[in-house]
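As structure tokens, the structure follows; a few thoughts come after it.
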2 protein chains.
Amino acid sequence: MSSPTPAPNAPLTYDQAGVDYDLIDPLKIAAQRAAAATGAHLGGHGFAEVPGSRGESAYVVDVGPLYLASIVECLGTKTLVADEMARLTGRSYYGAIAQDTIAMAVNDLITVGATPLVVQAYWAAGGSDWFNDAQRSQALVEGWKAACDVCRVSWGGGETPALAGIVADGRVDLAASCTGIVSPKSRLSLGDRLDVGDAIVFLAASGIHANGLSLARKLAERMPQGYLTDIGNGQTYGEALLAPTALYSPVTEALAAEGIVPHYSANVTGHGWRKLMRHTKALTYRIAAVPPKTAVLDFIQRECRLDDREAYGTLNMGAGFALYVAASDAGRTVEIARAQGVEAWVAGRVEAGPKRVVIEPLNVEFAGDELQLR
Amino acid sequence: MSSPTPAPNAPLTYDQAGVDYDLIDPLKIAAQRAAAATGAHLGGHGFAEVPGSRGESAYVVDVGPLYLASIVECLGTKTLVADEMARLTGRSYYGAIAQDTIAMAVNDLITVGATPLVVQAYWAAGGSDWFNDAQRSQALVEGWKAACDVCRVSWGGGETPALAGIVADGRVDLAASCTGIVSPKSRLSLGDRLDVGDAIVFLAASGIHANGLSLARKLAERMPQGYLTDIGNGQTYGEALLAPTALYSPVTEALAAEGIVPHYSANVTGHGWRKLMRHTKALTYRIAAVPPKTAVLDFIQRECRLDDREAYGTLNMGAGFALYVAASDAGRTVEIARAQGVEAWVAGRVEAGPKRVVIEPLNVEFAGDELQLR
């Protein structure tokens, strides 16, 4: 999809940034239907899928003594920012990029209550010579390992294909698959217990993470200094964008160790805070306290002239992950997250009412039909 | 890597086809070392990696009552053949391509004795509009489901990112992750029991599968009729290349049901029959009976003027998968495979001697140092 270049001072929205979900969705729906029809095969092996996991962020299978959870996740286009910043600064940002890629997989897998155990690397380059940049390769390997260390997962292996003619010359398509288990089975968290009165706890984002990068790149194109623009805190726009995505599995593992099983979890990625109503239940999610945006998101909102509705409906705006816990566990959840070095806040609560997200301090509301994931 | 175009009648070898393993290998080695250092994290969760699975075709973790096996695999460049054939014929070959992609993952996962349970789809397109070709999208979805049905795996979900600027316009990067279990644990097959006297049983390939496509594409470029060249049996070269890769998990599951646990298995992919000495043990693999090549491989060998050494060291040459079983199980292994509709042959045996593959009828030998995978 080519998209028209907006006038320099016009607002810049996500639709203009070149991802057309209308074209992807019919395929997605057909794929979801076909996929759902295959779940019954597990019965032939003496196992069964956990039906409530279809459409959730990770797929779960009951193999008897434990649940198996698995996922594959793509980084997206954040490497294009890293490549441009490497050209401008001579530095490699692939250490951060590696963490982003693992975060995309791990932060989704943990939403169902799984302990991530194994990550597989998928690094598809535009040609064999991509791997010849020793500084970049080393950064990628070291960053990948460091993220595995933080999440205490084993890096099982992976693929490093050279795909000239498919992946663009000089580029790399990065993804990660992650496999984990839910054990004991009581840790399974698919929203069955999500209910009126639950507290919504936000875990702090470290920056833009790996969603909204198409928009962020468009903004760079229309600023005279591009990625080298100072965002107001001494950091360049490119550096700020490339802050690696926070890894949340140390928090969810610490919660489990302390006996707290979230009633539900949502990884706040594409669709921003609309993701807060990810579950199918008809409930109202009322946010009473809005966390700090992080400098780079504040900058993007201002420079793209996004209103709060557009910004909070697209970007994480400082909230990288949402935990829905019993109100009596909310304070302890915040403490446990902070003890893992992740800032956290009790941000709101679940109420009876139509499916919607209400951000009270900003006077913004997203109706249930504004999030179409299934 | 650009590579010089060979003269029209010169032999065409894999090195000329543009994949330079020397450039990939230093990264691979660094990645393997870093990955190996992360295995200890599993201890923190009360589990352990199965060390013998590092460097094998799937990674295995001991989670107590069972082993967990996982993998991610890339299709490679076979989509470029499908795209060109679609342009020439107006048909979509993405149903076959879907099966190829799943075969890459499933046929690797089963080598360790695992039952594949869940496949995740990774379809990264060059832009949102890639998904707008309804015929192609439908073929991809239906072919993916059909392959899951054959392997009795559940299609858990996946990713369909639009990666303009990373994946080339009009192209798609296809991969699959697969998770399975080894249960009962006695099915684990990492070569510990591989020994002198074992029989080598080949399972028939259905064509070129998904390895050697760079070479196959180069050949198309230098034939006047290209992919529409008749290969001598009424089939065009393009159609013959696009025969979907055989799926071998029905055979390995049937073997398990009959109480046969292979001592080792090798998925014959890149490096052709050199893969027969995939295990680290110092053993001689002597092939006494060479199976039919399949028409397309015979054509490629002839037209590229590959000698047997080059052909059998690069392509599957009719043997898609090798099972190493107790000699007393060899005949029954062949029968069980045939009952699943997969042709099979007792092809040779494991002998004492230096690590090498000896193809007696062809007078070809590969020395141990001609396969560098770890």
Side-chain angles (χ1 to χ4, degrees), chain A residues 1 18-20 23-24 27-28 30-31 34-35 38-39 41-42 44-45 49 59 61 63 65 68 70-74 76-77 80 115 117-118 120 122 124 127-129 131-132 137 141 145 148 152-168 171 173 175 177 179 181, chain B residues 1 18-20 23-24 27-28 30-31 34-35 38-39 41-42 44-45 49 59 61 63 65 68 70-74 76-77 80 115 117-118 120 122 124 127-129 131-132 137 141 145 148 152-168 171 173 175 177 179 181:
Chain A
M1 288 294 295
V19 177
D20 187 341
L23 295 181
I24 302 176
L27 170 78
K28 264 191 145 166
T38 62
H41 289 309
L42 295 167
H45 304 289
E49 76 173 12
Y59 180 65
V61 173
V63 295
L68 198 64
S70 63
I71 199 167
V72 68
E73 283 291 324
C74 176
T77 57
L80 297 177
T115 301
L117 293 182
V118 179
Q120 303 277 356
Y122 182 78
S128 311
D129 53 349
F131 299 104
N132 212 19
S137 290
V141 168
K145 178 180 182 297
C148 289
R152 297 194 305 151
V153 299
S154 180
W155 176 2
E159 277 271 273
T160 54
L163 299 181
I166 296 175
V167 174
R171 302 297 184 189
D173 176 17
S177 72
T179 302
I181 61 170
Chain B
M1 285 296 293
V19 177
D20 187 341
L23 294 182
I24 301 177
L27 170 77
K28 265 192 144 165
T38 63
H41 290 308
L42 295 167
H45 305 289
E49 76 173 14
Y59 180 65
V61 174
V63 295
L68 199 63
S70 62
I71 196 166
V72 68
E73 282 291 324
C74 177
T77 58
L80 297 177
T115 301
L117 293 182
V118 179
Q120 303 277 358
Y122 183 78
S128 310
D129 54 346
F131 299 103
N132 211 19
S137 289
V141 168
K145 178 180 182 297
C148 289
R152 296 195 305 151
V153 298
S154 180
W155 176 2
E159 276 271 274
T160 54
L163 300 181
I166 295 175
V167 174
R171 302 297 185 190
D173 176 17
S177 73
T179 302
I181 61 170

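Here is how names work: the chains are called A, B, and so on, in the same order as the sequence lines, proteins then strands, and each is numbered from 1. Computation of the quantities below employed the complete heavy-atom set of this structure, encompassing side-chain atoms and omitting hydrogens, waters and symmetry-equivalent molecules.
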- prompt: Hey, which of Ala168(A), Ala31(A), Gly44(A) has the most heavy atom pairs under 4.5 Å with chain B?
  reply: Ala31(A)
task: Return yes if a side-chain donor-acceptor contact under 3.5 Å exists between Thr179(A) and Thr179(B), otherwise no.
output: yes
- prompt: Which of the residues Val167(B), Ile71(B), Val72(B) is involved in the greatest number of heavy-atom pairs with chain A at under 4.5 angstrom?
  reply: Val72(B)
- prompt: Do you know which of Val63(A), Thr77(A), Val153(A) has the most heavy-atom pairs under 4.5 Å to chain B?
  reply: Val153(A)
- request: Given side-chain contact (heavy atoms from CB on, under 4.5 Å), test Val141(A) with Trp155(A) step by step and report yes or no.
  value: CA-CA 11 Å; Val141(A) 168; Trp155(A) 176 2; 4.3 Å; yes
field: Contact winner vs chain B - His45(A), Glu49(A), Lys145(A), Arg171(A), heavy-atom pairs under 4.5 Å
entry: His45(A)
message: Using modelled atom types and a 3.5 Å cut-off, is there a donor and acceptor pairing between side-chain atoms of Glu159(A) and backbone atoms of Cys74(B)?
response: yes
query: What option among Asp173(A), Val118(A), Val61(A) has the most heavy-atom pairs under 4.5 Å with chain B?
result: Asp173(A)
- request: Examine whether an atom of Leu117(A) lies under 4.5 Å from a heavy atom of chain B, and if so say whether it belongs to the side chain, the backbone or both; otherwise answer neither.
  value: both
statement: On a heavy-atom basis, the closest approach of Cys148(A) and Thr38(B) is CB-CG2, 4.0 Å
- prompt: Picking from Ala30(A), Gly76(A), Gly157(A), which has the most non-hydrogen pairs under 4.5 angstrom with chain B?
  reply: Gly76(A)
message: Can you confirm whether the side chains of Thr160(B) and Tyr122(B) place a donor and an acceptor under 3.5 Å from each other?
response: no
- request: Specify which of Ala34(B), Ser177(B), Ser137(B) makes the most heavy-atom pairs with chain A at under 4.5 Å.
  value: Ala34(B)
- line: Value for CG (Leu163(B)) from OG (Ser128(B)), rounded to nearest 0.5 Å, stands at 9.5 Å
